[in-house]
Amino acid sequence: MHEMSLAMAVVGQVQEAAARNGDVSAVTSVRLQVGELAGVVPDALAFCFELACADTVLQGAELVTETVPGRARCAPCADEWAVGMPPRLSCPTCGEPTAELLSGRELQIVSVRWEDGQAPERTREPMYEEH
Ligand SMILES: [Zn+2]
């Protein structure tokens with residue numbers, strides 16, 4: 001299940017960051033950028049995230065997902081368009097089928113909020129990229 005492995009990867013990264021920080025009693029929220037084309041179902045991810053957080057420092061943490069719209073560009077005519085869902089990867093102007101994806105495959109933690117009243121730590125580490 002894609003969402004479960006993603007949720008566990010997110011929890012693992014936050015646990016590592018919390019361990020590096022040293023004095024984290026609880027994680028209250030995790031903000032995640034999810035590309036429209038990343039193949040992630042937000043509801044399923046939220047469910048898996050809750051499961052993955054059980055018995056960790058993230059227990060009860062809120063998952064906030066930001067959807068990143070998919071955009072593509074056509075090399076021959078430099079046209080850009082919103083890919084949408086299901087994705088349209090041929091150029092609306094010239095019909096060229098070799099679109100270059102500019103965005104929409106993001107899967108990354110944007111920020112994590114600890115429960116110690118300090119400013120949230122901001123991270124921008126790409127988790128993994130699917131090609
Ligand atoms: Zn074109």
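Side chains are part of it too, since the values below use all heavy atoms of this structure and drop only hydrogens, waters and symmetry mates. In listed order, ligands and their atoms are each counted from 1.
Around the Zn ion (ligand 1), the protein atoms of type N, O or S that sit closer than 2.8 Å are Cys74 SG, Cys77 SG, Cys91 SG, Cys94 SG.
Ser103 places none of its side-chain heavy atoms less than 4.5 Å from the side chain of Pro69. Between Val30 and Phe49, the closest side-chain pair of non-hydrogen atoms falls below 4.5 Å.
The side chain to side chain contact (heavy atoms under 4.5 Å, CB included) test applied to Thr56 returns Val11, Gln15, Cys53, Leu58, not counting sequence neighbours. Residues satisfying the side chain to side chain contact (heavy atoms under 4.5 Å, CB included) test with Glu80, not counting sequence neighbours, are Arg71, Arg73, Leu102. Pro76 pairs by the side chain to side chain contact (heavy atoms under 4.5 Å, CB included) definition with Cys74, Glu96, not counting sequence neighbours.
For the residue pair Gln33 and Glu106, no side-chain donor N or O sits within less than 3.5 Å of a side-chain acceptor on the partner.
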